[in-house]
Amino acid sequence: MSLYSKIKRQLIGSSLPTSSHSTERLSNAAALAVLSSDALSSVAYATEEILTVLVLTGSSTLGLSLPIALAISLLLAIVTLSYRQTIRAYPTGGGAYTVASENLGLFPGLVAAASLLIDYVLTVTVSVAAGIAALISAFPLLQGFTVELCVISIFLLMLANLRGLRESGNLFMAPTYAFIICIFILLILSIYHQFTTLIPQTYPVIPVKEPLSLFLILRAFAAGCTAMTGVEAISNGVMAFKQPEWKNARMTMLYMSVILGTMFLGITYLVHVYHVVPESNQTVVSLLGRQIFGGGILYYFLQFTTLLILLLAANTSYADFPRLASLSARDSFLPRQLLLLGDRLVYSNGIILLSVLAAILIIIFQGEVSAIIPLYAVGVFTSFTLSQAGMVRHWFKEQTSGWGTSATINGMGAIATFIVAIVIIVTKFQAGAWVVVLAIPLVVSLFLLIHRHYRYVANRLSIERIQIRNYPTRLKAETITHPAVVLVGQLHKGTVKALDYARSMADEIVAVHVDIGFTDREQLQQQWQQLESDIPLVILDSPYRSIVTPLAEFVSEYETQHPNVFTTVIIPVFVTRHWWEDLLHNQTSLFLRRALRNKHSSVVTSVRYYL
């Protein structure tokens, strides 16, 4: 085992067989921690975002935070009802991409996918930055290490998720529930505190910087809607639940919304009662904690659990970004590498890509929450709207029992989230929302470019126009002097060319295909009999989804059967038109060459097919 493999096994764990996939499901309690941490953690900063806008008009208008929070809670109830309908209609997972694509068409589906992917990256960035801000509120000496602490946190989250869904769920349950319990202790203790302790009766005097206007109130509402981010995660991750998946997902979504709404309204109420004003070097939750808990152990426990839940809020994105990326890759809108399950039955490439993108944003914005927040929530409300509009179309098409009520609920959700999306875009546009508004069509354009490339490659490699070829049955030579093994990924023109080369130089040929769980064996065998019937095809099972290991073992065994001769291993390779197009394809040939380089009785050669 190489040094890299040993380190990887220590950090991530041993490979899991594909047969273990069903055991890597989440209980409702674990799913609440994994898929709801983003939504639940937003109470740590959503109220503060409302106050940050209202404080511009002076202290007299800060009381408006409570009615604004009530309006957001009503919106939360509407969206929750809407997504419970979506989960019922799509029991195998009804994310915005799937719903919009099936009911509204390709382009709305791509807009939904782009919006969500951007939002998932921002979720990691905002959550980690806010978590580190909570830490710095308690320990100001760490102020100069903000970016470094954020990047280290992202790296640790990446490792935890690479270890597998069930294991990450177990890791994250304790911090999530500790935060929930701590917030409820804060709420309960505050009631006692109000009757027994003198609390501030008025807000401190704050100079007026802007006059109160409808636009400013809408800005505060849009800022507070960050409390809604992550609500859709459960509908995207239905298949992560234990059976019956959709029923468990609906129940968990209800629990999540009740807990989220209670904590959000409770914190906003406490801010109103204690007349808390945001401070630049301390979060609102920290200020409340100092008022109610004092400076003792409960305060530091609150800050510590807030730090953890904000860091773990990013885990919602780690659960959903790789899954959505794999669906887009399945439809040829993202690189195919994102479709593959890693050693621990998670989409490892998607997890790594998300971590890299989030770390880049952290470095660009220097870990400043206030600089990243304006970009937040645009994508999620765009996807909310498209998903709910798609569900309305779905109910009109299906017209199953109770479809009218379901369509009404989803219609209310679509209208409400559309209005909020417009408000967020208008009120946050100059503050930075324009970046996301511009980024969504750019990502959609990238989707279409990638799709066009894959379609071009498929057309160039297609065997549909190749005539059926009849080869005479190959007679086994008395003395084998030139055996050859041809590696077959798919049966396309590049493979046909490699097999023709093998016929020209070998007196015994065997073709080998590795099934990592995606192969339609019946179709492959049928095509093989039509085009290459004179060469035997061996299909190898790969329970750990590795292509290289089973092939290397097969070649070793084949060489043992053919001693004292050189075995030629032929690898079909197609050559793209541009270097960057190579990034869209698995570089299996490179890994195979590396695995076979120590085999002294093998000659490894590539047969190139130029696109």
Side-chain angles (χ1 to χ4, degrees), residues 38 42 45-46 49-50 52-53 72 75 79 95-97 99-101 104-127 129 214-232 236 317 320-321 324-325 328 333-334 354 357-358 360-362 364-365 368-390 413-451:
D38 177 21
S42 63
Y45 52 79
E49 289 303 311
I50 297 173
T52 302
V53 177
I72 294 171
L75 178 63
V79 171
Y97 171 61
V99 175
S101 296
L104 300 179
L106 175 63
F107 187 74
L110 294 180
V111 172
S115 301
L116 277 178
L117 290 173
I118 291 170
D119 188 72
Y120 288 146
V121 176
L122 289 171
T123 294
V124 176
T125 311
V126 170
S127 300
L214 177 62
F215 182 76
L216 188 134
I217 293 173
L218 290 175
R219 278 175 59 192
F221 174 79
C225 281
T226 53
M228 298 281 295
T229 56
V231 170
E232 85 295 339
N236 289 334
S317 292
D320 279 345
F321 179 97
L324 176 56
S328 303
F333 292 109
L334 281 177
L354 174 61
L357 294 175
I360 291 172
L361 284 183
I362 284 288
I364 291 174
F365 290 100
E368 289 289 335
V369 180
S370 58
I372 309 168
I373 281 287
L375 284 67
Y376 207 30
V378 175
V380 73
F381 275 93
T382 301
S383 66
F384 280 173
T385 303
L386 290 170
S387 175
Q388 299 314 304
I415 293 170
T417 53
F418 175 72
I419 293 171
V420 174
I422 296 299
V423 169
I424 290 173
I425 291 172
V426 171
T427 58
K428 291 186 174 185
F429 191 81
Q430 290 185 340
W434 65 269
V435 175
V436 179
V437 173
L438 178 64
I440 290 174
L442 289 176
V443 174
V444 170
S445 299
L446 179 64
F447 287 160
L448 295 173
L449 283 172
I450 291 173
H451 187 72

Next item on the list: Heavy atoms only: give me the nearest Ile372-Val126 pair and the separation to one decimal.
Entry: CG2-CG2, 3.5 Å

Item checked: Heavy-atom pair of closest approach, residues Ala414 and Thr385 -> O-CG2, 3.9 Å

Checklist line | Test item: Tyr97 and Leu324 side chains (from C-beta on) under 4.5 Å apart, heavy atoms | finding: yes

Checklist line | Option from Leu334, Ile118, Val436 for which side chain to side chain contact (heavy atoms under 4.5 Å, CB included) with Val443 holds | finding: Ile118

Note to self: Less than 4.5 Å apart, side chain to side chain, heavy atoms only: is that true for Ile72 and Ile50?
What the structure shows: yes

Next item on the list: Side-chain contact test, heavy atoms from C-beta onward, threshold under 4.5 Å: evaluate it for Asp119 versus Ser383 and give yes or no.
Entry: no

Check: Does any non-hydrogen side-chain atom of Ser317 lie less than 4.5 Å from one of Val121?
Finding: no

Margin query: Contact between Thr123 and Val380 at the side-chain level, heavy atoms closer than 4.5 Å - yes or no?
Written below: no

Next item on the list: Identify the heavy atoms of Ser115 and Gly379 that sit nearest to each other, and give their distance.
Entry: CB-O, 3.3 Å

Check: Is there side-chain contact between Val423 and Phe381, with heavy atoms separated by less than 4.5 Å?
Finding: no

Check: Relative to the ring of Phe333, is the ring of His451 parallel (under 30°), tilted (30 to 60°) or perpendicular (over 60°)?
Finding: parallel

Check: Is a donor on one side and an acceptor on the other found under 3.5 Å between the side chain of Ser387 and the backbone of Ala96?
Finding: no

Check: Taking atom CG of Asp320 and atom OH of Tyr120, what is their separation to the nearest 0.5 Å?
Finding: 4.0 Å

Check: Is a donor on one side and an acceptor on the other found under 3.5 Å between the side chain of Thr427 and the backbone of Arg219?
Finding: no

Next item on the list: Under the side-chain contact (heavy atoms from CB on, under 4.5 Å) rule, what do Phe447 and Leu117 come out as? Steps first, then yes or no, please.
Entry: CA-CA 12 Å; Phe447 287 160; Leu117 290 173; 3.7 Å; yes

Check: Taking all atoms of both residues into account, what is the closest heavy-atom pair of Ile424 and Ala222, and its distance?
Finding: CG1-CB, 3.7 Å

Note to self: Could you go through Glu232 and Leu116, starting from their C-alpha distance and side-chain angles, then the distance that decides it, and tell me whether this counts as side-chain contact (heavy atoms from CB on, under 4.5 Å)?
What the structure shows: CA-CA 10 Å; Glu232 85 295 339; Leu116 277 178; 3.8 Å; yes

Check: Is there a side-chain contact between Leu448 and Leu110 (heavy atoms, below 4.5 Å)?
Finding: yes

Item checked: From Leu75 atom CG to Phe384 atom CZ, the distance as rounded to the nearest 0.5 Å -> 8.0 Å

Notebook entry, point to check: Are the side chains of Thr125 and Phe365 in touch, meaning some heavy atoms are under 4.5 Å apart?
Noted result: no

Next item on the list: Could you pull out the closest heavy-atom pair between Thr382 and Val378, with the gap in Å?
Entry: OG1-O, 2.8 Å

Next item on the list: Compare every heavy atom of Pro108 with every heavy atom of Leu386, then report the nearest pair and how far apart it is.
Entry: CD1-O, 3.5 Å

Notebook entry, point to check: Is the backbone of Gly413 close enough, under 3.5 Å, to the side chain of Thr417 for a donor and an acceptor to pair up by distance?
Noted result: yes

Item checked: Within 6.0 Å of CZ in Phe215, more than 12 heavy atoms from elsewhere -> yes

Margin query: Rounded to the nearest 0.5 Å, what separates atom CZ in Phe221 from atom CD1 in Ile419?
Written below: 9.0 Å

